[in-house]
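Everything on this sheet refers to the single structure shown next.
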Amino acid sequence: MEKNMKVNFDFLKERVADSLDNTDLEFIRNELSKLNEPTLFSGGGGSSVVSEFGAKVINTKNGIVSVNSEPRDFLYRNNGAFRNVIACSYSGNNYGVELSFLIGLKKYLLSNNSFDDNDVTYLKYNTTIDKERSFISLGATLIPVSILMNYYLNGKNSPILDSIEEVSFNFDIESDVYEIFSGYDTSTASKYLESTMVESGIGIPIVHDKYSYCHGRSTLGINYNGMAIYYNRNTEFDRMMLEELKQYYSRIIAIDSRFDDQILDDYQMLIQSMYLTKYIAEKKKKDLSKVDYSPLVRKLYKYNGQI
């Protein structure tokens with residue numbers, strides 16, 4: 001299949017539906033339900049979006065300490081309080097997975113692949129549609145997030161598939177700088193947005209924690225002509241902020257809450273964020289699936305030495 005953003009977005013819902021139909025969801029739900037001790041999630045690049053969402057799902061659903069981590073951080077932090085590690089990786093065989101499995105915890109791999117290792121519990125999701133060919137992970141991100149969502153919803157798929165619909169945007173690109181207003185409750189969506197903007201080069205993102213913005217980070221907006229992207233969960237604070245920010249930003253793009261449930265909200269805001277990056281890329285005549293990336297990627301991507 002030709003690398004093409006439009007093709008990959010057209011197939012996005014079908015790819016998720018296909019995986020939900022062809023994966024042993026009962027096995028994955030059963031394994032995840034057994035987690036009753038502190039658990040670390042890990043993922044690099046696009047998979048960090050998956051690990052962020054997974055940590056939140058397990059924290060909320062299982063009621064345990066569950067934290068997302070960059071793979072390199074495992075080497076520099078005391079991990080003694082944790083008992084499980086769930087590495088998230090589409091291929092399942094990158095250096096980040098190896099780093100995650102070095103720390104002596106019970107090992108799980110959420111992946112499209114499985115390997116011959118009896119020490120690892122494989123949470124494998126299956127696909128029958130042609131593999132996505134894209135520099136920016138769309139299906140490869142949304143499929144495992146949807147598998148985790150299936151666990152959160154006790155096996156219900158209709159809210160998942162109903163959420164995967166194209167969202168329309170209509171604004172002029174007035175700046176390359178995007179100030180993103182988020183927090184723990186919308187962190188999966190904002191992590192995707194920040195990562196995709198950086199990896200594709202479609203914008204310069206700065207992610208603000210909403211409350212920390214109240215303590216000096218607002219200075220940036222009066223020095224640079226940035227656009228604001230605001231994850232709006234309709235709180236009293238959100239309504240105040242959206243009114244005040246009008247004075248300081250040339251454009252405010254609101255990604256609005258649709259549910260009272262923060263996990264459901266983060267999922268559907270992730271989808272809105274995906275279509276937002278599609279819109280920005282189209283306006284800039286770029287293709288998220290075929291990015292003119294830095295030559296340095298070839299050298300760094302498969303690095304596996306001392307880190």
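Side-chain atoms are counted along with the backbone in the values below, which use heavy atoms only and exclude waters and symmetry mates. Numbering starts at 1 and runs along the sequence shown.
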Task: With sequence neighbours excluded, residues passing side chain to side chain contact (heavy atoms under 4.5 Å, CB included) with Ser257 - done: Arg233, Asn234, Asp265, Met269
TODO: Not counting sequence neighbours, list each pair that qualifies as a salt bridge (charged side-chain N to carboxylate O under 4.0 Å, His left out) and has a residue in residues 248-257.
DONE: Glu174-Arg251
- [ ] Kindly write out the residues that satisfy side chain to side chain contact (heavy atoms under 4.5 Å, CB included) with Phe115, not counting sequence neighbours, or none if the list is empty.
- [x] Asn93, Leu109, Asn113, Tyr122
Identify every side-chain donor-acceptor pair in residues 36-47 under 3.5 Å, counting partners at least two apart or on other chains, and give the distances.
unit_1	atom_1	unit_2	atom_2	d
Thr39	OG1	Glu37	O	2.8
Thr39	OG1	Asn84	ND2	3.0
Ser42	OG	Ser100	OG	2.7

- [ ] Sorted by first residue and then second, give each ring pair (Phe, Tyr, Trp, His ring centres under 6.0 Å) pair with at least one member in residues 145-164; sequence neighbours left out.
- [x] none
Got a list of side-chain donor-acceptor pairs under 3.5 Å for residues 17-28, not counting sequence neighbours?
unit_1	atom_1	unit_2	atom_2	d
Asp18	OD1	Asn22	ND2	3.0
Asp18	OD1	Thr128	OG1	2.4
Asp18	OD2	Thr128	N	2.7
Asp18	OD2	Thr128	OG1	3.4
Ser19	OG	Thr23	OG1	3.4
Ser19	OG	Asn126	O	3.1
Asn22	ND2	Asp18	O	2.7
Thr23	OG1	Ser19	O	2.7
Thr23	OG1	Asn126	N	2.8
Asp24	OD1	Phe27	N	3.1

Open item on the list: Checking Lys13 now: which residues fulfil side chain to side chain contact (heavy atoms under 4.5 Å, CB included) with it, not counting sequence neighbours?
Closed with: Leu161, Ile164, Glu165
- [ ] Return each pair, listed once, that meets salt bridge (charged side-chain N to carboxylate O under 4.0 Å, His left out) where at least one residue sits in residues 196-220; pairs must be two or more places apart or across chains.
- [x] Lys210-Asp238
TODO: Scan residues 210-229 for pairs that pass ring pair (Phe, Tyr, Trp, His ring centres under 6.0 Å), counting only residues two or more places apart or in two chains.
DONE: Phe181-Tyr213, His208-Tyr213, Tyr211-His215
- [ ] Could you tell me which residues satisfy side chain to side chain contact (heavy atoms under 4.5 Å, CB included) with Asn154, sequence neighbours excluded, listed by chain and number?
- [x] Lys61
TODO: Applying side chain to side chain donor-acceptor pair (under 3.5 Å), name anything that partners Glu31, two or more places apart in sequence or on another chain.
DONE: Lys34
- [ ] Only pairs at least two apart or in different chains count here, so list each ring pair (Phe, Tyr, Trp, His ring centres under 6.0 Å) that has a residue in residues 48-80.
- [x] none
